[in-house]
Structure formats: C-alpha cells, structure tokens
Q: 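If you scroll down you'll find the structure; I have some questions about it.
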Amino acid sequence: QVQLEESGGGLVQAGGSLRLSCAASGGAFSNYAMGWFRQAPGKEREFVAATTPSGGIRDYADSVKGRFAISRDNAKNMVYLQMSRLKPEDTAVYYCAATIRVLTMRQPNTYTYWGQGTQVTVSS
C-alpha cells in the first residue's frame, strides 16, 4: 500500500512558476512509475507527465512539453513537477499517482495509487 500526498499548489499569475511535490510512503517507491495528472472543473482527468521508476525516462503531454519538468528523488521518496510559463488553461487540481506498469504511463486507469490532489489556479 502506497500513500501519496501532494503539496505546492496555489494561485499564480500567468507566466509564473510553481513546483509541486508528492511525498510517497508505505511502499517500495523505487519500484513505481510516477505520474502527474490534472482535472479541471467539468473535464476528465488528463495526463500531464510521468517518469519511470529510475527516472531515466520522462514523458509529457504535448500541452505542457517545454514548460513542465517531472523529476524524482528515490532516496527521499519524492516526485516533483516544476511548472513554468503557466497559463490560465493550466488551472486544475493536480494529482500524483503510482503504478508498476511502465508501458502505459499515460493512462489514468494504469495507476493503482493516487494522492488527494492540490489546486493550481493561474490568473490571467
């Protein structure tokens, strides 16, 4: 059983930056691929970024490529999402999630464990 807790959300102006953190506990963190997803009001949960257990492979949604960066620290059981050049359309609740299934990291239903989410609001 893996518990995940996100932090770092908040209100930021367009063009600004935020760094989200996700702390994992209760499992072998380095065995899991980690993903970030987001869900805006009235929309489905969507893939943002993911990284393999070693952190060697990182994948991004086209909408955030070049602006967001996912990273992990397996020694600290942490995964991060550095978000830059934020846009109002990035406004959403952001979730981190864990899965042992690496090949389908973009699919939400791949993930077994989810955090409670952290709100990110980007004002124009």
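A quick note: this is a predicted structure, and the numbers were derived from the prediction, not measured. Only this structure's heavy atoms are used, side chains among them; waters, hydrogens and symmetry mates stay out.
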Q: Show the nearest heavy-atom pair for residues A14 and S124, with the distance to one decimal.
A: CB-CA, 4.4 Å

Q: For the atom pair OH (Y95) and CH2 (W36), what is the distance rounded to the nearest 0.5 Å?
A: 12.0 Å

Q: Any chance you could measure R101, atom CZ, to Y111, atom OH, to the nearest 0.5 Å?
A: 10.5 Å

Q: Once rounded to the nearest 0.5 Å, what's the spacing between atom CG of L86 and atom OG of S123?
A: 10.0 Å

Q: Quick one: does V12's side chain get under 4.5 Å of T121's, heavy atoms only?
A: no

Q: Could you tell me if the side chain of T91 sits less than 4.5 Å from the side chain of Q119, heavy atoms only?
A: yes

Q: Any non-hydrogen side-chain atom of L18 less than 4.5 Å from a side-chain atom of V120?
A: yes

Q: For I57, I'd like to know if atom CD1 has over 12 heavy atoms of other residues, nucleotides or ligands within 6.0 Å.
A: no

Q: In residues 2-10, what donor-acceptor pairs under 3.5 Å come from side-chain atoms, sequence neighbours left out?
A:
from, atom 1, to, atom 2, distance (Å)
E6, OE1, Q116, N, 3.1
E6, OE1, G117, N, 2.8
E6, OE2, C96, N, 2.9
E6, OE2, G117, N, 3.3

Q: Can a donor-acceptor pair be found, under 3.5 Å and without considering hydrogens, that links the side chain of R58 to the backbone of T51?
A: no

Q: If you measure from the Lys or Arg side-chain nitrogens to the Asp or Glu carboxylate oxygens, is any gap between D62 and K65 under 4.0 Å?
A: yes

Q: Going by salt bridge (Lys or Arg N to Asp or Glu O under 4.0 Å), name the residues that satisfy it together with E46, two or more places apart in sequence or in a different chain.
A: R38

Q: Would you please indicate yes or no on a ring centroid separation below 6.0 angstrom for F37 and W114?
A: yes

Q: Kindly indicate whether the side chain of R67, heavy atoms from C-beta on, has any atom under 4.5 Å from the side chain of K87.
A: yes

Q: Is there a donor-acceptor contact under 3.5 Å from the side chain of T112 to the main chain of T99?
A: no

Q: Taking the side chain as C-beta and beyond, is there a heavy-atom pair between V48 and Y60 under 4.5 Å?
A: no

Q: Is the shortest side-chain heavy-atom distance between Y113 and Q1 below 4.5 Å?
A: yes

Q: Which side-chain N or O atoms in residues 72-84 pair as donor and acceptor under 3.5 Å with protein atoms at least two apart or in another chain?
A:
from, atom 1, to, atom 2, distance (Å)
R72, NE, P53, O, 3.3
R72, NE, N74, OD1, 2.7
R72, NH1, Y32, O, 2.8
R72, NH1, T52, O, 2.9
R72, NH2, F29, O, 3.0
R72, NH2, Y32, O, 3.0
R72, NH2, N74, OD1, 3.3
D73, OD1, A75, N, 3.1
D73, OD1, K76, N, 3.3
N74, ND2, P53, O, 3.0

